[in-house]
Amino acid sequence: MTFEDIKQEVELSLTVAKGSFFKKPEFGHRFKELLKAVVSENTRIRAVKYAEEALQWLLDIKHLKSVEAFANYDSADRLLINVECVAYTGKTITFSRFVEVGNVRNS
């Protein structure tokens with residue numbers, strides 16, 4: 001497995017919604033669940049948890065040594081999620097994406 005392959009696995013895990021792959025329904029992220037969440041610190045923490053969950057399988061099969069996720073509100077209804085992973089080769093993979101979050105009017 002090359003570094004580029006691992007990088008693609010990280011990107012796919014954080015861009016494909018959980019349940020999208022027929023043969024691997026457990027693959028992907030749960031960010032869609034945040035669409036109906038109230039904008040809050042708890043929702044921000046959930047976003048971090050969902051990013052880490054999406055990459056756990058890469059830790060389990062020893063493609064990644066570590067995963068660290070961060071999330072901050074970019075606007076009133078959008079989180080910017082940043083993920084930093086370290087592969088077993090020692091190389092760092094970074095990935096960022098925006099996630100829409102609901103608000104009190106939508107919940």
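Sequential numbering from 1 along the given sequence is applied to the chain's residues. Atom set for the values below is all heavy atoms of this structure, side chains included, hydrogens, waters and symmetry mates excluded.
Taking hydrophobic clusters as Ile, Leu, Val, Met, Phe, Trp and Tyr residues chained together by side-chain heavy-atom distances below 4.5 Å, Leu35 does not share a cluster with Val48. In the hydrophobic cluster analysis, where Ile, Leu, Val, Met, Phe, Trp and Tyr join through side-chain heavy atoms closer than 4.5 angstrom, Leu59 is grouped together with Phe95. In this structure, Ile81 is not a member of the same hydrophobic cluster as Ile45, with clusters built from ILVMFWY side-chain heavy atoms closer than 4.5 Å. Linking Ile, Leu, Val, Met, Phe, Trp and Tyr whenever their side-chain heavy atoms come within less than 4.5 Å leaves Phe70 and Val86 in two separate clusters. By the criterion of side-chain heavy atoms lying less than 4.5 angstrom apart, applied directly or through intervening Ile, Leu, Val, Met, Phe, Trp or Tyr residues, Val99 is grouped together with Leu12 in one hydrophobic cluster.
One distance of note links NZ of Lys65 with OG1 of Thr89; it measures 8.0 Å at 0.5 Å rounding. Here NZ of Lys49 is found 10.0 Å from CD of Glu52. Values are rounded to the nearest 0.5 Å. Summarising the geometry, atom CZ belonging to Arg97 is positioned 12.0 Å from atom CD belonging to Glu11; distances are rounded to the nearest 0.5 Å. For the atom pair CG (Asp74) and CD (Glu100), the distance works out to 9.5 Å, reported to the nearest 0.5 Å. To the nearest 0.5 angstrom, Met1 atom CE is 15.0 Å from Lys62 atom NZ.
Under a 4.0 Å N-O distance rule, the pair Glu53/Arg30 qualifies as a salt bridge.
Counting heavy atoms from C-beta outward, Leu58 and Cys85 have side chains that stay 4.5 Å or more apart. A heavy-atom distance below 4.5 Å is found between the side chains of Leu34 and Tyr50. Within the 4.5 Å cutoff, the side chain of Ile6 has heavy atoms near those of the Glu9 side chain. Side-chain contact between Lys18 and Phe31: absent, with no pair of heavy atoms (C-beta onward) separated by less than 4.5 Å. Leu80 is not listed as a side-chain neighbour of Asn72, based on a closest heavy-atom distance of 4.5 Å or more. At least one side-chain heavy atom of Val16 sits less than 4.5 Å from a side-chain heavy atom of Phe27. Using a 4.5 Å cut-off on side-chain heavy atoms (C-beta onward), Val39 and Tyr73 make contact.
Between Ala69 and Val83, the shortest heavy-atom distance links the atoms CB-CG2, 4.2 Å. The shortest heavy-atom contact between Leu14 and Ala51 is CD2-O, 3.8 Å.
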Walk me through it: do Ile93 and Leu64 pass the test side-chain contact (heavy atoms from CB on, under 4.5 Å)? CA-CA 9 Å; Ile93 300 166; Leu64 295 178; 4.2 Å; yes
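Judged purely by atom type and a 3.5 angstrom limit, Thr43 has no side-chain atom pairing as donor or acceptor with the backbone of Ala37. Of the possible donor and acceptor atoms, one in the side chain of Arg44 sits under 3.5 Å from a partner among the backbone N and O of Ala71.
Under the 30°/60° scheme for interplanar angles, the aromatic rings of His63 and Trp57 are found to be tilted.
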